[in-house]
Amino acid sequence: MNVAEIVLSPTGGTEKVADIIGKHWDKNPTKIDLSDAKADFGKCEISEQDMVVIAIPSFGGRAPALAIKKACAARKENELFL
Ligand SMILES: Cc1cc2nc3c(=O)[nH]c(=O)nc-3n(C[C@H](O)[C@H](O)[C@H](O)COP(=O)(O)O)c2cc1C
């Protein structure tokens, strides 16, 4: 089982919270930064056995659609465990 943090955090607050949770589960969790425009999130391999923190801020009561789309890509077979 691996631990991963999937994070969007333009000013760092959301990331701090995700780090507290992720590091509670594992000393060195894998971090996936949704703001990395060059990243291929489809190459991130997350399985059903892994523990994942998905941390995205809310703007106007909604998570940014692009962040949700990238988070969905960041797992095997492009499905999200929700
Ligand atoms: C235009 C705008 C709208 C926001 N709307 C919400 C909201 O509906 N609910 C909420 O809890 N926070 C809202 N926030 C606060 C952001 O979610 C907050 O700034 C967020 O923690 C930033 O995260 P970061 O420090 O990881 O970048 C809003 C912020 C901005 C600038």
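All ligand and atom numbering here is 1-based and tracks the order in the structure. Throughout, numbering of the chain's residues begins at 1 and tracks the sequence.
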Can you list everything that forms a side chain to side chain contact (heavy atoms under 4.5 Å, CB included) with Pro10? Sequence neighbours excluded, please. Leu8, Pro57
Quick one: side chain to side chain contact (heavy atoms under 4.5 Å, CB included) partners of Lys69, sequence neighbours excluded? none
For Pro29 and Glu5, which heavy atoms make the closest approach, and how far apart are they? CG-OE2, 3.2 Å
Shortest non-hydrogen contact from Ser9 to Val7?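 Result for this residue pair: CB-CG1, 3.8 Å.
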Write out the protein residues near ligand 1, meaning a non-hydrogen atom under 4.0 Å from one of its atoms, in order of chain and number. Ser9, Pro10, Thr11, Gly12, Gly13, Thr14, Pro57, Ser58, Phe59, Gly60, Gly61
Can you tell if the side chain of Lys31 reaches within under 4.5 Å of the side chain of Asp19, non-hydrogen atoms only? yes
For residues 21-28, run the donor-acceptor check on the side chains, cut-off 3.5 Å, and write out each pair with its distance to 0.1 Å, sequence neighbours left out.
| from | atom 1 | to | atom 2 | distance (Å) |
| --- | --- | --- | --- | --- |
| Asp26 | OD1 | Asn28 | N | 2.8 |

